[in-house]
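These notes concern the structure reproduced below.
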Amino acid sequence: MAFYTYILQLQLGGLRMARILSYLKPYRIAVAVALLLMLTELVVELIQPLLMAKIIDKGIMQNDLQEVMKWGGIMVGASFAAFAAGVINSFYAAHVSQSFGFDVRKSLYEKVQSFSFANFNHFPTSSLITRMTNDITQLQNTVFMSLRIMMRAPLLIIGGLGMAFVVNVKLALILSVVAPFLFLFLFWVMGKGGSMFKEVQEKLDAVNSVMQENLSGIRLIKAFVRRKHEVKRFTGTNKDLRDGTIKALRLMEVTMPVLLLIMNLCILGVLWFGSIQVNTEGVKVGEVVAIVNYATRITAAFSIFSWIIMAFSRARASANRVTEVLETEVDLADLWDSRKDLTVNEGKIEFTNVSFQYPGTAEMVLEDISFKINPGETVAILGATGAGKTSLFQLIPRLYDVTGGIVKIDGHDVRKMKMENLRRKVGFVPQEALLFTGSVKENISWGKEDATMVEITAASVNAQIHETIMNLPQQYDTRVGQKGVNLSGGQKQRLSIARALVRMPKILLLDDSTSALDMKTEAKLLGALKEYTCTTLIITQKISTAIEADRILLLEDGKLLAEGDHDSLLKTSGLYKRIFQSQSGEENRNYA
Ligand code: CTP
Ligand code: MG
């Protein structure tokens, strides 16, 4: 097993492989059995030319049918043993490789689940998908093939050479001069292929990324009549992939004929030199036949080898891409000294001199922001697009860490709380409503796994979506998403609000979640929210929504410009007054 891993590592190159190969450890017994069976096949393959030589020299040349039958019988028996070993080996190889793939995929999936928002900014979704599917399949196939035939190729070459020496030293010398050169040649090809296939994989990423964007934006593309443009963009990346793959494959295609040419010349040499020796030095014909037979088998092994190299080059690229994800440091985790006993009880929120920039960017998105929100208060956050409203929200459930300052909930730094305890008490309705494939009921109870039907209905009634749901074909059991009904933007928004409400959160964060609602429905919704004893933050661009809140925070360019209720802001903030006037249709009068 250790030897197997070592060889595999050597061929795959780099210690990074060790990490992937460690996934084979639980299956070491199955690997050992598979390798043993493979060795059985190998031994049979190696003695076959020897048996053939015996049939020729002892049987056919002496006209002794008895000997032919005897050695022929052994040969048939050995072949059957090899056949059986091959079948069982296949079984084990499949078991090991599939389990290995399953385990790696599982780890990768778990890792991605633990990713922070910042980590996701680093890996595009399409690339994660390619890594989880294509790259792992590549690795899985390589493990299967290496257990089934790959290891046999190098051993067959070495063993074949050894056996050739047993049969006839002088003839074997011809073979052994050529073999090392071929080995070196192949290793060189392997190095070259590795980097080429890495590029291929990256190009595949690009194709997937364009494809994903296209599929998710297909309506937009149609609405903007940008089909031609997108087709061109897709064709571009697709061509890139094709050209890259062809270039890499071409290297492999050249390798094969070079190998065959050299080995065939070598066989010619054996035949020519062998026939001289048969005539002059009484070398047996069977011996020459056996050596030629070894030479053809070695040739076959070498050609498998070039194919193996291609597979390994690809596998190496894939292994690197998988480990890259596995080795990514999740930058947002519970701190070692986070306190288990802290939860959100009241819902008091306090920002002190908070500044924030997205990891890996240079620009400050929030600067020196300080405010306090009391438990149960409803606060509107008003600001133009790009002002930093969503960014501010994300700091509350600690989806990102602050760059400077402190965010406190109930008097405790959010970094001191266990993320699970913190996020469990926060109802977050993101700016873009997202529904999962499943029933309406499942989508709402997604916010609280053990929610009863009463809780689900109550949340829906308050989110002003209950009536809509009752008009759906199967009410709460209606499927949404794939193969289900489609909901309007506003319906989706309210469904996501219901999902947040069913958790009975202590802090409710609504990110522009009422933008698609008409005034009447919105007023009803805001009224219903008053029933909840939770601190509510509402991001909005509409003054009419903001007026309903106890207090308004006015954000501009990442700075907290003003805070207060509607009346006081009208007096103190020029910007607020301008927004108010523009939204109440007084703009024109102002400029008149
Ligand atoms: N930003 C960023 N990286 C992100 C998200 C946002 O660098 N992953 C930057 C944007 O370029 C923007 C600033 O952060 O300049 C504020 O973004 P955001 O908080 O999302 O603005 P909102 O006020 O929420 O704007 P909108 O009303 O359009 O949602
Ligand atoms: Mg936003």
Side-chain angles (χ1 to χ4, degrees), residues 112 115-128 209 212-213 216-217 220 328 330-332 349 351 353-371 373 379-405 407 414 426-434 489-490 492-494 496-497 500 507-517 522 536-547 549 551-563 569 573 575-576 578-580 582-583:
V112 169
F115 267 15
S116 70
F117 277 40
N119 290 138
F120 280 118
N121 291 344
H122 184 69
F123 291 102
T125 314
S126 54
S127 161
L128 287 175
S209 147
Q212 201 200 4
E213 271 176 30
S216 56
L220 193 68
T328 297
V330 177
D331 52 4
L332 241 178
I349 303 169
F351 274 53
N353 307 114
V354 168
S355 61
F356 174 66
Q357 66 193 78
Y358 283 95
T361 64
E363 210 185 325
M364 276 291 177
V365 172
L366 296 174
E367 274 172 79
D368 198 25
I369 294 203
S370 302
F371 61 82
I373 298 173
V379 173
I381 297 175
L382 195 70
T385 167
K389 305 182 296 292
T390 301
S391 309
L392 185 144
F393 256 30
Q394 288 172 340
L395 299 178
I396 297 172
R398 203 179 160 221
L399 297 172
Y400 288 97
D401 268 338
V402 293
T403 311
V407 175
V414 285
V426 177
F428 189 85
V429 183
Q431 195 159 9
E432 280 179 28
L434 176 77
K492 277 191 206 158
Q493 277 187 343
R494 280 173 284 158
S496 355
I497 295 176
I507 295 174
L508 181 63
L509 304 176
L510 303 174
D511 191 345
D512 219 4
S513 313
T514 57
S515 60
L517 303 190
E522 184 181 12
T536 310
L537 267 76
I538 303 174
I539 289 183
T540 182
Q541 304 203 16
K542 292 189 284 188
I543 295 266
S544 58
T545 313
I547 292 177
R551 209 145 44 99
I552 301 164
L553 302 182
L554 185 60
L555 217 59
E556 197 189 43
D557 280 339
K559 291 182 200 73
L560 185 59
L561 219 58
E563 66 170 293
L569 279 181
S573 167
L575 176 66
Y576 185 81
R578 277 202 302 283
I579 301 174
F580 175 67
S582 74
Q583 289 195 11

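Counting starts at 1 for both ligands and their atoms, following the listed order.
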Legend entry - atom 25 (O) of ligand 1: nearest protein contact (heavy atom, Å): Gly386 N, 2.8 Å

Inset, instruction - Find out whether Phe351 and Ile396 are in side-chain contact, i.e. whether some heavy atom of one side chain is under 4.5 Å from a heavy atom of the other. - result: yes

Inset, instruction - Identify, for atom 19 (O) of ligand 1, the protein heavy atom at the shortest distance, and state residue, atom and that distance. - result: Ser391 OG, 2.5 Å

Legend entry - Phe356 ring center within less than 6.0 Å of Tyr358 ring center: yes

Legend entry - Backbone or side-chain N/O/S of Thr385 under 2.8 Å of the Mg ion (ligand 2): no

Legend entry - Residue pair Val365 / Tyr400, side-chain heavy-atom distance below 4.5 Å: no

Inset, instruction - Could you check if a side-chain atom of Ile369 sits within less than 4.5 angstrom of a side-chain atom of Leu553, using non-hydrogen atoms only? - result: no

Inset, instruction - Look at atom 3 (N) of ligand 1 and say which protein heavy atom is nearest, naming residue and atom and giving the distance to 0.1 Å. - result: Tyr358 CD1, 3.2 Å

Legend entry - N, O or S of Thr390 under 2.8 Å from the Mg ion (ligand 2): yes

Legend entry - Nitrogen or oxygen atoms of Gln431 and ligand 1 under 3.5 Å apart: yes

Inset, instruction - Could you check if a side-chain atom of Phe123 sits within less than 4.5 angstrom of a side-chain atom of Val112, using non-hydrogen atoms only? - result: no

Inset, instruction - Starting from atom 28 (O) of ligand 1, find the nearest protein heavy-atom neighbour and note its residue, name and distance. - result: Thr385 OG1, 2.6 Å

Inset, instruction - Among all protein heavy atoms, pick the one closest to atom 20 (O) of ligand 1 and tell me residue, atom and distance. - result: Thr390 CB, 3.6 Å

Legend entry - Under-4.0 Å protein heavy-atom contact, atom 13 (C) of ligand 1: yes

Inset, instruction - Enter the distance from Phe371:CZ to Ile349:CD1 here, rounded to the nearest 0.5 Å. - result: 7.0 Å

Inset, instruction - Taking Ser513 for its side chain and Asp511 for its backbone only, find out whether a donor-acceptor pair lies under 3.5 Å. - result: yes

Legend entry - Sub-4.0 Å heavy-atom approach of Gly388 to ligand 1: yes

Inset, instruction - With rounding to the nearest 0.5 Å, note down the distance linking OG in Ser116 to CG in Asp401. - result: 9.0 Å

Inset, instruction - Give the residue and atom name of whichever protein heavy atom lies nearest to atom 27 (O) of ligand 1, and the separation in Å to one decimal. - result: Lys389 NZ, 2.7 Å

Legend entry - Sidechain-backbone polar pair: Thr514 side chain, Glu522 backbone, donor-acceptor under 3.5 Å: no

Legend entry - Region of Gln541 engaging ligand 1 - heavy atom pairs below 4.0 Å: side chain

Legend entry - N/O separation below 3.5 Å, Val365 to ligand 1: no

